[in-house]
Undergrad: 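Below you'll find the structure I mean.
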Amino acid sequence: QVQLVESGGGLVPAGGSLRLSCAASGRTFSTYGMGWFRQAPGKEREFVATISRSGPMTYYADSVKGRFTISRDNAKNTVYLQMNSLKPEDTALYYCAATTWSGTVTTNKLYGYWGQGTQVTVSS
């Protein structure tokens with residue numbers, strides 16, 4: 001089992017940057033694929049980015065490709081989401097999630113562990 005705690009959200013003007021962090025408990029972090037999802041008010045939770053267990057494989061939603069970068073540090077039990085060139089439509093509650101499935105996983109139903117979320121607000 002793994003517990004996840006996100007941090008790094010905040011209010012930023014359009015065009016700005018933020019780096020989200022997700023700290024995981026336990027000593028088996030490297031056995032989980034990790035993902036970031038987001039949910040805006042009135043909308044369904046959507047996939048943002050994912051990274052495989054050892055980190056060589058990543059995959060992004062088209063809406064963030066080229067602007068966001070997911071990475072992980074297995075020694076620190078932490079996954080990151082670097083967000084650049086932020087847009088008002090990126091405003092949402094961002095969730096970190098862990099999956100036992102291998103490869104890059106984009107379906108939220110395949111993630112068994114979730115954090116509480118961190119709010120990102122981009123002003124126009």
Side-chain angles (χ1 to χ4, degrees):
Q1 191 170 356
V2 62
Q3 293 182 324
L4 306 171
V5 178
E6 303 96 334
S7 62
L11 174 63
V12 62
S17 299
L18 281 174
R19 188 175 82 154
L20 305 184
S21 299
C22 173
S25 65
R27 289 179 282 184
T28 60
F29 177 70
S30 62
T31 66
Y32 293 94
M34 301 299 296
W36 286 96
F37 292 77
R38 66 186 182 186
Q39 187 167 18
K43 295 187 177 181
E44 294 186 353
R45 190 172 300 187
E46 66 174 0
F47 165 76
V48 175
T50 183
I51 187 166
S52 59
R53 296 169 183 170
S54 57
M57 293 188 293
T58 59
Y59 189 80
Y60 299 90
D62 288 343
S63 58
V64 306
K65 200 172 296 182
R67 300 188 298 122
F68 290 10
T69 302
I70 188 171
S71 61
R72 68 188 296 162
D73 186 337
N74 286 345
K76 295 182 178 180
N77 283 10
T78 302
V79 63
Y80 305 96
L81 185 68
Q82 177 66 45
M83 306 186 295
N84 298 328
S85 302
L86 282 162
K87 305 175 181 179
E89 51 263 44
D90 294 319
T91 295
L93 188 61
Y94 282 71
Y95 296 92
C96 170
T99 179
T100 55
W101 289 75
S102 62
T104 52
V105 182
T106 64
T107 305
N108 59 3
K109 292 182 180 180
L110 296 182
Y111 285 82
Y113 305 97
W114 293 81
Q116 294 300 306
T118 185
Q119 178 67 39
V120 172
T121 303
V122 184
S123 61
S124 57

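Because the structure is a prediction, the values reported are computed rather than measured. Residues: numbered from 1 along the sequence shown.
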Undergrad: Using every non-hydrogen atom in the two residues, find where Leu4 and Cys96 come nearest and quote the distance to one decimal.
TA: CD1-O, 3.7 Å

Undergrad: Identify the two heavy atoms, one from Ser17 and one from Gln82, that lie closest to each other, and give their separation to 0.1 Å.
TA: CB-NE2, 4.0 Å

Undergrad: Does some side-chain heavy atom of Thr91 sit less than 4.5 Å from a side-chain heavy atom of Val120?
TA: no

Undergrad: May I have the step-by-step check of side chain to side chain contact (heavy atoms under 4.5 Å, CB included) for Leu18 and Leu86, ending in yes or no?
TA: CA-CA 8 Å; Leu18 281 174; Leu86 282 162; 4.3 Å; yes

Undergrad: Answer whether the closest heavy-atom distance between the side chains of Thr100 and Thr31 falls below 4.5 Å.
TA: no

Undergrad: Please report the shortest heavy-atom distance between Val79 and Ser71, naming the atom on each side.
TA: CG2-O, 3.1 Å

Undergrad: Is there a continuous path of hydrophobic side-chain contacts, each under 4.5 Å between heavy atoms, that joins Phe68 to Phe47?
TA: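 Phe68 does not cluster with Phe47.
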
Undergrad: Using a 4.5 Å cut-off on heavy atoms from C-beta on, say whether the side chain of Pro13 contacts that of Val122.
TA: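 No. Closest side-chain heavy atoms not under 4.5 Å.
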
Undergrad: Counting only heavy atoms not in Gln3, do more than 12 fall under 6.0 Å of its CD?
TA: no

Undergrad: Establish whether Trp36 and Tyr113 are linked, either directly or via other cluster members, by ILVMFWY side-chain heavy-atom contacts under 4.5 Å.
TA: yes

Undergrad: If the condition is salt bridge (Lys or Arg N to Asp or Glu O under 4.0 Å), which residues does Arg53 pass it with, not counting sequence neighbours?
TA: none

Undergrad: Group every Ile, Leu, Val, Met, Phe, Trp and Tyr by side-chain heavy-atom contacts under 4.5 Å, then state whether Val48 and Val12 land in the same group.
TA: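 Same hydrophobic cluster.
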
Undergrad: Would you name the heavy atoms of Ile70 and Tyr60 that are closest together and state the gap between them?
TA: N-OH, 2.9 Å

Undergrad: Decide whether a cation-pi geometry holds between Arg38 and Tyr95; the criteria are a distance under 6.0 Å from NZ or CZ to the six-membered ring centre and an angle within 45° of the ring axis.
TA: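 Not satisfied by the 6.0 Å and 45° rule.
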
Undergrad: Which of these passes ring pair (Phe, Tyr, Trp, His ring centres under 6.0 Å) with Tyr111: Tyr32, Trp101, Phe37?
TA: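 When Tyr32, Trp101, Phe37 are each tested with Tyr111, the ring pair (Phe, Tyr, Trp, His ring centres under 6.0 Å) holds only for Phe37.
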
Undergrad: So how far is it from Arg67 CZ to Asp90 CG, rounded to the nearest 0.5 Å?
TA: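 Going from the CZ atom of Arg67 to the CG atom of Asp90 covers 4.0 Å.
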
Undergrad: Would you call Glu6 and Trp114 a side-chain contact if the rule is heavy atoms closer than 4.5 Å?
TA: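 The answer is no; the side chains never approach within 4.5 Å.
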
Undergrad: Taking the side chain as every heavy atom from C-beta outward, state whether Gln39 and Tyr94 have any pair of such atoms under 4.5 Å apart.
TA: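 Sidechains of Tyr94 and Gln39: no contact.
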
Undergrad: Measure from the side-chain N and O atoms of Ser52 to the backbone N and O of Thr104, and report whether any donor-acceptor pair falls under 3.5 Å.
TA: no

Undergrad: Would Arg72 count as a cation-pi partner of Tyr80, with NZ or CZ less than 6.0 Å from the six-membered ring centre and within 45° of the ring normal?
TA: no

Undergrad: What is the minimum heavy-atom distance between Ser124 and Pro88, and which atoms define it?
TA: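 Closest approach of Ser124 to Pro88: CB-CG, 3.8 Å.
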
Undergrad: Considering all heavy atoms of both residues, which atom of Asn74 and which atom of Ser30 are nearest to each other, and what is their separation?
TA: ND2-CB, 3.6 Å

Undergrad: Working to the nearest 0.5 Å, report the span between CZ of Phe29 and NZ of Lys76.
TA: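 So the gap between those two atoms works out to 12.0 Å.
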
Undergrad: Could you grab the distance from atom CD of Gln1 to atom OG of Ser25, nearest 0.5 Å is fine?
TA: 7.5 Å

Undergrad: Side chains of Val2 and Thr28: closer than 4.5 Å at any heavy-atom pair?
TA: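 Answer no - side chains too far apart.
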
Undergrad: Mind checking the CG-CD spacing from Asn108 to Glu44? Nearest 0.5 Å is all I need.
TA: 8.5 Å

Undergrad: Between the side chains of Thr78 and Asp73, does any donor sit under 3.5 Å from an acceptor?
TA: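 Result is no, nothing qualifies.
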
Undergrad: How long is the span from the CG atom in Asn84 to the OG1 atom in Thr69, to the nearest 0.5 Å?
TA: 6.5 Å

Undergrad: Do Val64 and Val105 sit in the same hydrophobic cluster, where Ile, Leu, Val, Met, Phe, Trp and Tyr count as joined when their side-chain heavy atoms come under 4.5 Å apart?
TA: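 No.
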
Undergrad: Do Lys65 and Tyr59 meet the cation-pi criteria used here (NZ or CZ under 6.0 Å from the six-membered ring centre, within 45° of the axis)?
TA: yes

Undergrad: State the NZ-OG distance between Lys87 and Ser63, to the nearest 0.5 angstrom.
TA: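 Going from NZ on Lys87 over to OG on Ser63, the span is 8.0 Å.
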
Undergrad: So do the side chains of Met83 and Leu20 get within less than 4.5 Å of each other, counting heavy atoms only?
TA: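 Of all side-chain heavy-atom pairs linking Leu20 with Met83, at least one is under 4.5 Å.
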
